[in-house]
Each structure stands twice: as structure tokens, then as C-alpha cells.
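The structure is given below, and queries will be raised subsequently.
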Amino acid sequence: MATGVKLDAAWLEPLSSEFDSDYMRALKQFLVAEKAAGRRIFPRGSEWFRALDLTPPDQVRVVILGQDPYHGEGQAHGLCFSVRPGVRIPPSLVNIYKELQTDLGIMPPAHGFLEHWARQGVLLLNSVLTVQMAQAASHQGRGWERFTDAVIRLVNARAEPTVFMLWGSYAQKKAAFVDSTDKGGRHLVLKAPHPSPLSAYAGFFGCRHFSKANAFLEAHGRAPVDWALPDCPPRDSA
């Protein structure tokens with residue numbers, strides 16, 4: 001897609017047909033043209049596939065789906081809901097931390113940097129992997145959705161029981177094809193309203209998805225996730 005893109009080989013091989021497809025070539029042309037026109041794109045090119053690089057397919061235990069990267073200066077770094085060290089914690093993530101505290105008693109950290117989760121097998125995947133600065137949803141409908149559908153299908157096809165946390169109607173529609181336990185399948189699909197301040201009180205608070213995810217993983221012989229985030233590294237180390 002772009003010079004400097006880092007993508008774990010375990011993803012690259014099964015996704016090779018996607019990268020060779022017409023829609024991905026068209027997406028690349030669009031992104032090149034946007035940059036040539038002087039538009040700033042977030043996150044930086046080397047982080048477009050950061051979620052995949054940090055969480056290889058054989059390590060995925062939990063999938064959390066977002067929609068678009070943050071479009072503010074210095075926020076997005078390739079993981080949904082996560083921001084760089086030193087950046088103000090976004091409102092939705094504040095609410096995620098509140099639910100985490102209620103559910104598991106974990107005190108909210110002073111940062112919004114979620115790489116600790118990603119390195120444990122929590123795939124923090126946005127549906128769309130790029131955005132124009134200050135233009136929310138500006139890269140929707142350009143092909144990223146088809147690519148991330150392919151990623152979800154790869155995880156769904158794996159034999160290991162996995163947890164899908166689907167917050168909000170967008171995520172729930174996107175992953176509607178997952179082979180869930182309530183349909184006789186092997187994956188646990190947990191649904192709740194989005195953690196946005198607009199909807200968190202409609203059922204996100206009290207959903208207890210973090211404890212439910214760990215209970216499911218342990219019941220199926222998989223290690224639970226340590227949801228407690230460590231102290232944040234300096235900003236320039238991220």
C-alpha cells in the first residue's frame with residue numbers, strides 16, 4: 001500500500017489476494033492523490049496496519065471493532081479507541097475505563113494508550129484505517145471496509161474460540177456473519193451500545209464485557225486478558 005507499511009507476515013499471506021485486488025489498487029491511488037493534494041492523513045502510513053502487526057492472527061483472543069481513526073492532531077496511531085501517550089483521553093475511552101472499573105475493579109489509567117491490550121491478543125480494529133485531518137468519516141466507502149471485512153472473516157474462520165466485543169449498531173452490522181455461540185458456533189459475540197457519551201447510559205454501562213470475555217476464554221482453555229494498563233511510556237517512545 002505504501003512505503004514503510006509494517007504488516008505481520010502471518011496476516012500478509014492470507015490477505016495477499018486483497019492487496020492484489022482492484023479495489024485495493026483504487027484505494028492506494030486515492031490515498032496517493034490525497035497526499036499529493038496536500039491533505040494530511042491520519043494515522044501516518046507506517047501505522048495503517050498497526051492493529052494487525054501487533055496482534056497476529058494466531059494470537060487473537062478478543063476483537064474490538066471501531067469505525068474510523070481519530071481525526072485530530074496526534075491522536076490516531078492505528079488502534080481503535082486508543083490514542084498516543086500524552087494525548088487527552090477521548091470521551092468514549094473514558095467510558096470504557098469506567099465500565100472496566102465497575103466490572104473488574106481496575107482503576108482508570110492516566111492515558112489512553114492501549115498497546116498493552118493489543119500485544120495480548122486484543123485486535124483493536126477500525127473498519128476504516130485512514131482519515132483526513134479534521135474530516136470525520138472522510139475515507140469511508142473507499143475500500144477499507146471491504147479489506148477489514150476480510151480480516152474479520154479470517155479471524156472467524158480460525159478454530160480457536162474468540163470473543164467479539166461489538167459496541168454500537170455499526171460494529172454489530174459489520175460482524176453480523178461471525179459464527180457465534182448463540183447460533184451454535186464457537187465464538188462469543190458480546191453486544192452493547194457504543195461507549196460514546198450519547199449512548200453509554202443506554203446499556204454500555206453495566207454490560208460487563210471484560211469479565212464475560214475472560215470467563216469465556218478461560219472456559220475454553222485460553223488465557224484471560226490482563227485489562228489493567230501499565231503506566232504509559234513517554235510520548236516519543238510510542
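Computed from heavy atoms alone, side chains included, the values below leave out hydrogens, waters and symmetry copies.
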Any idea which heavy atoms bring Gln75 and Gly72 closest together, and the distance?
OE1-N, 2.9 Å

Can Val225 and Asn214 be said to form a side-chain contact (heavy atoms from CB on, under 4.5 Å), step by step?
CA-CA 6 Å; Val225 175; Asn214 278 353; 3.7 Å; yes

Between Arg50 and Pro43, is any pair of side-chain heavy atoms under 4.5 Å apart?
no

Does Tyr23 have its ring centroid less than 6.0 Å away from the ring centroid of Phe147?
no

Minimum-distance pair of heavy atoms, taken over all atoms of Leu217 and Ala223:
CD1-O, 3.7 Å

Might you work through the side-chain contact (heavy atoms from CB on, under 4.5 Å) test for Leu7 and Phe19, ending with a clear yes or no?
CA-CA 12 Å; Leu7 181 60; Phe19 283 104; 3.5 Å; yes

Name of the residue among Trp227, Phe210, Tyr97 meeting side-chain contact (heavy atoms from CB on, under 4.5 Å) with Ile106
Trp227

Rounded to the nearest 0.5 Å, the CG atom of Leu190 sits from the NE2 atom of His209 at a distance of 4.5 Å

I'd like to know if the side chain of Glu218 reaches the main chain of Pro224, judged simply by a donor and an acceptor atom lying under 3.5 Å from each other, with no hydrogens or angles considered.
no

Check: Asp8 side chain, Pro56 main-chain N or O, donor-acceptor pair, under 3.5 Å
no

Side-chain donor or acceptor of Arg186 paired with backbone N/O of Pro161 under 3.5 Å:
no

Taking the side chain as every heavy atom from C-beta outward, state whether Leu188 and Asp182 have any atom pair closer than 4.5 Å.
no

Polar side-chain atom of Ser211 near backbone of Arg208 as donor-acceptor pair, under 3.5 Å:
yes

Check: Pro14 and Leu154 side chains under 4.5 Å, non-hydrogen atoms:
yes

Using the rule given for side-chain contact (heavy atoms from CB on, under 4.5 Å), can you reason through Val155 versus Thr162, listing the C-alpha separation, both sets of side-chain angles and the distance that settles it, and then say yes or no?
CA-CA 8 Å; Val155 176; Thr162 300; 4.2 Å; yes

Test ring pair (Phe, Tyr, Trp, His ring centres under 6.0 Å) applied to Phe81 and Phe113, Tyr70, Trp167, the passing residue:
Trp167

Leu93 with Phe42, same ILVMFWY side-chain cluster at under 4.5 Å:
no

Could you tell me whether Phe204 and His194 have their ring centroids closer than 6.0 angstrom?
no

Single-linkage hydrophobic cluster, 4.5 Å side-chain cutoff, Trp48 and Phe30 together
yes

I'd like to know if the side chain of Glu18 reaches the main chain of Leu15, judged simply by a donor and an acceptor atom lying under 3.5 Å from each other, with no hydrogens or angles considered.
no

Main chain of Leu52, side chain of Trp11: is a donor-acceptor contact present, judged purely on distance under 3.5 Å?
yes

Could you work out, with side chain to side chain donor-acceptor pair (under 3.5 Å) as the rule, every residue matching Ser138, not counting sequence neighbours?
none

Do Leu125 and Ile152 make a side-chain contact, defined as non-hydrogen atoms from C-beta onward lying under 4.5 Å apart?
yes

Leu27 side chain near Met24 side chain, heavy-atom distance below 4.5 Å:
yes

Is Val83 linked to Leu229 within one hydrophobic cluster, defined over Ile, Leu, Val, Met, Phe, Trp and Tyr using a side-chain heavy-atom separation of less than 4.5 Å?
yes

I'd like to know if Leu129 and Val131 are part of one continuous hydrophobic network [Ile/Leu/Val/Met/Phe/Trp/Tyr, side-chain heavy atoms within less than 4.5 Å].
no

Plane angle bin for His220 and Phe216 - parallel if under 30°, tilted between 30 and 60°, otherwise perpendicular
tilted

Around Arg88, counting heavy atoms of other residues, nucleotides and ligands shown, do more than 12 lie under 6.0 Å from its CZ?
no

When rounded to the nearest 0.5 angstrom, what distance separates OG in Ser21 from CZ in Arg146?
5.5 Å

Is there a donor-acceptor pair closer than 3.5 Å between any side-chain N or O of Gln140 and the backbone N or O of Gln67?
no

Evaluate the side-chain proximity of Asn95 to Pro197: yes if any heavy-atom separation is below 4.5 Å, no if none is.
yes

Between the main-chain N or O of Asn156 and the side-chain N or O of His187, is there a donor-acceptor pair closer than 3.5 Å?
yes

Test: side-chain hydrogen bond (donor to acceptor under 3.5 Å, both in side chains). Region: residues 119-136. Which pairs qualify, not counting sequence neighbours?
Glu115-Arg119, His116-Gln120, Ser127-Tyr170, Ser127-Lys174, Thr130-His139, Thr130-Trp144

Return the minimal non-hydrogen interatomic distance between Val128 and Glu145, and the atom names on each side.
CG2-OE2, 3.5 Å

N-O pairing of Glu47 and Arg84 below 4.0 Å:
yes

Measure from the side-chain N and O atoms of Ser199 to the backbone N and O of Pro195, and report whether any donor-acceptor pair falls under 3.5 Å.
no

Do Met133 and His71 have side-chain heavy atoms sitting under 4.5 Å apart?
no

Nearest heavy atoms of Pro109 and Ile89, plus distance in Å:
O-CD1, 3.9 Å

Does a side-chain N-to-carboxylate-O contact under 4.0 Å join Arg61 and Glu160?
no

Minimal heavy-atom distance between Val189 and Val178, with the atoms involved, is CG2-CG1, 3.8 Å

For the pair Met165 and Val63, evaluate side-chain contact (heavy atoms from CB on, under 4.5 Å) and give the outcome as yes or no after the intermediate values.
CA-CA 6 Å; Met165 293 184 179; Val63 179; over 6 Å; no

What is the minimum heavy-atom distance between Ser196 and Ser92, and which atoms define it?
CA-OG, 3.3 Å

Any non-hydrogen side-chain atom of Leu114 less than 4.5 Å from a side-chain atom of Leu124?
yes

To the nearest 0.5 angstrom, please state how far the OG atom of Ser82 sits from the CD1 atom of Ile64.
10.5 Å

Quick one: NZ on Lys212 to CG on Asp103, what's the gap to the nearest 0.5 Å?
8.5 Å

Rounded to the nearest 0.5 Å, how far does CD of Glu99 lie from CG of Leu104?
8.5 Å

